[in-house]
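Have a look at the structure below before the remarks.
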Amino acid sequence: MKVKVSRKAHFNAAHRLYVPEWSFEKNDAIFGKCNNPNFHGHNYELIVSVTGEIDPVTGYVIDMKVLKDLIKSEIENAFDHKNLNVEVPEFKNVNPTAENISVVIWNKLRPHLADDKELEVVLYETPRNFVTYSG
Ligand code: NI
């Protein structure tokens with residue numbers, strides 16, 4: 001019997017979406033306001049879900065305190081109030097779209113979870129736009 005447990009988290013971050021090899025006009029056409037050379041911010045909402053068997057002793061799939069601390073140390077400390085393009089090494093050569101951010105988050109969390117647990121990341125860039133990555 002597998003159960004999915006989820007924890008919500010939040011971070012604010014700035015980014016710029018652009019392809020360095022393209023002209024400003026082409027970047028503008030593709031990325032619009034997200035190509036602002038002076039960057040802009042988003043209030044990202046993150047939902048991290050772990051699926052696995054319920055431990056027969058604790059009754060937990062994962063201790064929520066452990067999951068909370070993991071998200072804090074690996075994601076919030078790395079991303080919150082940061083300029084993703086400039087301050088987060090994973091985006092030095094990768095466009096910090098919601099898609100790529102969710103993959104980076106998944107890759108940062110995965111090594112800290114037991115092999116028999118499944119991990120899913122849902123990232124809201126705006127209240128209406130969100131992406132899901134599960135490996
Ligand atoms: Ni944006």
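One-based numbering, in listed order, for ligands and for the atoms of each.
Closest N/O/S atom of His40 to the Ni ion (ligand 1): NE2. Distances from the Ni ion (ligand 1) to the N/O/S atoms of His42 are shortest for NE2.
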Phe31 vs Tyr18, ring pair (Phe, Tyr, Trp, His ring centres under 6.0 Å): CA-CA, chis, key distance, verdict = CA-CA 7 Å; Phe31 298 114; Tyr18 70 112; 8.1 Å; no
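When atom types are taken as modelled, the side chain of Asn27 and the backbone of Val19 share a donor-acceptor pair closer than 3.5 angstrom. Between the side chain of Asn12 and the main chain of Asn43, no donor-acceptor pair closer than 3.5 Å is present.
When only modelled atom types and interatomic distance are considered, Arg16 and Asn35 share a side-chain donor-acceptor pair under 3.5 Å.
For the pair SG of Cys34 and NE2 of His15, the angle at the Ni ion (ligand 1) is about 120°; rounding is to 10 degrees.
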